[in-house]
Amino acid sequence: MKTNKNILIACTGSVATIKLPVLLEKLQNLNNDYYSINIKVIVTEHAKHFIDTNTMPQDIEILDDQTEWNAWNKRGDPVVHIDLGKWADMLVIAPLSANSLAKIAMGLCDNLLLCVVRAWDVSKPLLFCPAMNTRMFDHPVTKEHITKLTSWGYHEIATVSKTLMCGDTGNGAMAEVDTIIENILSKFE
């Protein structure tokens, strides 16, 4: 029996957003006799800085803050952040920047992605992939924020240690795409 899954992929303002096209391609390649995967993408305004729309699959809808504001004019119009939460079986935030991590941990919701997270049905999987400079990752508040998210049942896909884009070497890099895919598949089962 074929399983139909709706996955919402979200990217925040981290250079690791450059991995989005590879993540999407690998997710689309999972479509087979067992899985039918439907994907929508949310990008924050700062994530857009790292995206080349020419490298994005044309059949995947990309949503941003303007999508939400354009959809609602009067009572009865769609509320995009609510509709996305109802549509999605899973939310994967890859990458999750230090800034957006802090906002989620504090309950802030000042963009489309954060509104989706704030209204997320915690009985459904939410996976997050922190990505930030080592100095930011090593700050004590980062551990507090990650601990808070995991206490809500959200699943952390741990960072890796490597040489970062800035030239520093250490922990804080987003998990490899294959690791993210493995974690997504584990939540399907």
Side-chain angles (χ1 to χ4, degrees), residues 7-24 26-27 40-51 63-65 81 84-85 88-189:
I7 302 178
L8 193 53
I9 302 292
C11 295
T12 64
S14 166
V15 70
T17 297
I18 63 174
K19 295 182 179 183
L20 177 61
V22 175
L23 177 60
L24 296 177
K26 289 192 176 207
L27 279 172
K40 292 183 182 185
V41 174
I42 297 175
V43 293
T44 64
E45 291 304 307
H46 290 116
K48 290 179 184 180
H49 179 77
F50 302 105
I51 294 175
L63 307 124
D64 60 11
D65 294 350
H81 68 271
L84 287 171
D89 297 307
M90 175 186 297
L91 172 57
V92 180
I93 309 173
L96 177 58
S97 68
N99 183 55
S100 292
L101 170 64
K103 287 181 174 186
I104 292 169
M106 295 297 120
L108 301 178
C109 44
D110 62 357
N111 63 37
L112 176 59
L113 169 60
L114 298 178
C115 287
V116 169
V117 173
R118 183 66 187 259
W120 189 252
D121 175 352
V122 295
S123 71
K124 297 192 291 188
L126 186 153
L127 289 67
F128 66 96
C129 306
M132 62 198 74
N133 178 272
T134 302
R135 293 169 58 100
M136 298 171 88
F137 187 80
D138 288 342
H139 192 283
V141 77
T142 302
K143 184 175 181 177
E144 287 179 27
H145 290 161
I146 289 172
T147 299
K148 185 176 274 190
L149 271 60
T150 59
S151 77
W152 298 338
Y154 299 169
H155 177 78
E156 176 192 10
I157 303 175
T159 61
V160 295
S161 181
K162 67 180 200 178
T163 300
L164 306 173
M165 286 290 202
C166 64
D168 291 350
T169 300
N171 207 356
M174 185 173 82
E176 296 299 328
V177 170
D178 287 341
T179 302
I180 297 168
I181 297 291
E182 289 169 14
N183 278 267
I184 290 169
L185 289 175
S186 76
K187 294 299 180 188
F188 280 175
E189 296 167 2

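For the single chain, residues carry numbers from 1 onward in sequence order.
Among residues at least two apart or in separate chains, ring-ring contact (aromatic ring centres under 6.0 Å, His included) pairs with a member in residues 141-189 are Tyr35-Phe188, Trp152-Tyr154. Among residues at least two apart or in separate chains, there is no salt bridge (Lys or Arg N to Asp or Glu O under 4.0 Å) pair with a member in residues 130-154. Residue pairs satisfying the salt bridge (Lys or Arg N to Asp or Glu O under 4.0 Å) criterion with at least one member in residues 90-99, sequence neighbours excluded, are absent.
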| field | Verdict with supporting geometry, Glu45 and Asp65, side-chain contact (heavy atoms from CB on, under 4.5 Å) | value | CA-CA 7 Å; Glu45 291 304 307; Asp65 294 350; 3.8 Å; yes

| Is there a side-chain contact (heavy atoms from CB on, under 4.5 Å) between Leu149 and Glu156 once you walk through the steps? | CA-CA 8 Å; Leu149 271 60; Glu156 176 192 10; over 6 Å; no

| task | Take Ile104 and Leu113, measure what side-chain contact (heavy atoms from CB on, under 4.5 Å) needs, and give me the verdict at the end. | result | CA-CA 10 Å; Ile104 292 169; Leu113 169 60; 5.6 Å; no

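Counting only heavy atoms from C-beta outward, the side chains of Ile42 and Ile9 never approach each other to under 4.5 Å. Put simply, the side chain of Val22 reaches to within 4.5 Å of the side chain of Lys26, judged on heavy atoms. Between Leu27 and Ile7 there is a side-chain heavy-atom pair separated by less than 4.5 Å. Under the 4.5 Å side-chain criterion, counting only non-hydrogen atoms from C-beta, Phe50 is not in contact with Leu20. Here the side chains of Leu84 and Lys40 are in contact, with some heavy-atom distance below 4.5 Å. Looking only at side-chain heavy atoms (C-beta outward), Pro95 and Thr17 come within less than 4.5 Å of each other.
Asp121 and Ser123 get closest at one heavy-atom pair: OD1-OG, 2.7 Å. Residues Gly85 and Trp120 share a closest heavy-atom pair of CA-CZ3, 4.0 Å. Here the closest non-hydrogen pair linking Leu112 and Leu63 is CD2-CB, 3.9 Å. Taking all atoms of both residues into account, the shortest heavy-atom contact from Pro130 to Ile157 is CD-O, 3.5 Å. Annotation for Thr12 and Ala47: closest pair O-CB, 3.4 Å, computed over non-hydrogen atoms. The shortest heavy-atom contact between Met136 and Ala98 is CE-CB, 3.5 Å.
One distance of note links CG of Leu114 with CG of Leu108; it measures 7.5 Å at 0.5 Å rounding. For the atom pair Asp110 CG and Cys115 SG, the distance stands at 7.5 Å (nearest 0.5 Å). In this structure, Ile93 CD1 and Ile180 CD1 are separated by 12.0 Å, a value rounded to the nearest 0.5 Å. Interatomic distance, Leu23 CG to Glu176 CD, rounded to the nearest 0.5 Å: 12.0 Å. One distance of note links CE of Met132 with OG1 of Thr159; it measures 8.0 Å at 0.5 Å rounding. For the atom pair Ser14 OG and Lys19 NZ, the distance stands at 9.0 Å (nearest 0.5 Å).
Asp89 and Lys124 are not joined by a salt bridge, as no carboxylate oxygen comes within less than 4.0 angstrom of a charged side-chain nitrogen.
Without hydrogens or angle criteria, Ser100 side chain to Leu96 main chain gives no donor-acceptor distance under 3.5 Å.
No side-chain donor from either of Asn111 and Thr44 sits under 3.5 Å from a side-chain acceptor of the other. For the residue pair Asn99/Ser97, the side-chain donor-acceptor check at 3.5 Å is not satisfied.
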